[in-house]
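Before any comments, here is the structure.
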Amino acid sequence: AQKVTQAQTEISVVEKEDVTLDCVYETRDTTYYLFWYKQPPSGELVFLIRRNSFDEQNEISGRYSWNFQKSTSSFNFTITASQVVDSAVYFCALSEDRDDKIIFGKGTRLHILP
Amino acid sequence: NAGVTQTPKFQVLKTGQSMTLQCAQDMNHEYMSWYRQDPGMGLRLIHYSVGAGITDQGEVPNGYNVSRSTTEDFPLRLLSAAPSQTSVYFCASSYSRTRNSPLHFGNGTRLTVT
């Protein structure tokens with residue numbers, strides 16, 4: 001069965017520092033999909049990015065970047081020049097092509113200190 | 001465009017009571033699912049549906065029932081509430097059963113069982 005591990009339970013950094021959130025996944029499928037979601041203090045869940053297993057190209061969107069490495073089964077998320085508004089819980093998720101379940105990691109709570 | 005609507009927002013139940021958490025989406029999404037969020041446990045999949053008339057169990061299905069009589073609605077039933085079911089419940093939907101589709105989440109239902 002698929003599994004997602006977010007080993008960092010909680011991270012605190014000072015504003016403007018860079019921070020990387022780790023995500024390690026396990027799957028037996030050759031085709032799978034990885035996601036990151038953000039849950040700000042207001043509680044809603046917001047989709048950030050999706051990556052297919054056959055596309056290892058890293059992606060950058062403003063201050064956000066994602067590093068997908070199949071060799072280490074990781075899909076890490078980096079925030080550059082963090083801001084207080086980045087404070088949230090961030091979830092990594094995995095779905096396999098042969099299954100309809102979308103499984104989430106336990107999340108990383110990120111505190112950006114002013 | 002309402003998206004995914006969950007009702008109620010808050011609910012308090014006594015042990016043994018039953019209730020239904022409502023979830024409706026107006027985006028004509030095929031896929032719908034229910035998650036529960038508990039501190040330190042992340043989001044855990046309860047049940048999911050890939051279309052009207054089709055439901056399946058997720059990671060933590062015990063104590064919950066679902067049905068999908070229409071594309072729009074996916075209610076979650078607690079037949080006999082237990083304190084262990086105290087949690088925040090999120091309903092989510094996505095465009096198709098392909099695993100490439102991101103989830104759209106409702107705003108959650110906070111349930112307390114005393």
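We name chains A, B, ... by the order of the sequence lines, and we start the count at 1 in each one. Keep in mind that this is a model prediction, so the values were computed, not measured.
When heavy atoms are compared at a cutoff of 4.5 Å, B/Q57 approaches chain A solely by way of its backbone atoms N, CA, C and O. Contact annotation for B/L43: both backbone and side-chain heavy atoms come within less than 4.5 Å of a heavy atom of chain A. Only the side chain of A/Q39 has a heavy atom closer than 4.5 Å to any heavy atom of chain B.
For A/F47 and B/F105, the gap between ring centers reaches or exceeds 6.0 Å.
Around atom NZ of A/K70, more than 12 heavy atoms belonging to other residues, nucleotides or ligands sit under 6.0 Å away. Atom CG of B/D56 is surrounded by more than 12 heavy atoms from other residues, nucleotides or ligands within 6.0 Å. Applying the 6.0 Å contact sphere to CZ of B/R110 captures no more than 12 heavy atoms from other residues, nucleotides or ligands. More than 12 heavy atoms of other residues, nucleotides or ligands shown are found within 6.0 angstrom of CD on A/E10.
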Give the intermediate values and the outcome of side chain to side chain contact (heavy atoms under 4.5 Å, CB included) for residues A/F91 and B/Q37. CA-CA 12 Å; A/F91 291 99; B/Q37 183 177 15; 3.5 Å; yes

Could you walk me through whether A/I102 and B/L103 satisfy the side chain to side chain contact (heavy atoms under 4.5 Å, CB included) test, starting with their C-alpha distance in whole Å, then the side-chain angles of each, then the deciding distance to 0.1 Å, before giving a yes or no? CA-CA 9 Å; A/I102 302 173; B/L103 291 171; 3.8 Å; yes

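Here the shortest heavy-atom pairing between B/Y31 and A/K101 reads OH-CA, 4.1 Å. Shortest non-hydrogen contact noted between A/D100 and B/Y48 is CB-CE1, 3.3 Å.
A/I112 and A/F77 fall within the same hydrophobic cluster, defined by Ile, Leu, Val, Met, Phe, Trp and Tyr side-chain heavy atoms under 4.5 Å apart, directly or through other members. Linking Ile, Leu, Val, Met, Phe, Trp and Tyr residues whenever their side-chain heavy atoms come within less than 4.5 Å leaves B/Y95 and B/F74 in two separate clusters. A/W36 and A/L45 are members of different hydrophobic clusters when ILVMFWY side chains are connected at heavy-atom separations under 4.5 Å.
With contacts defined as side-chain heavy-atom distances shorter than 4.5 Å, the pair B/P102/A/Y37 qualifies.
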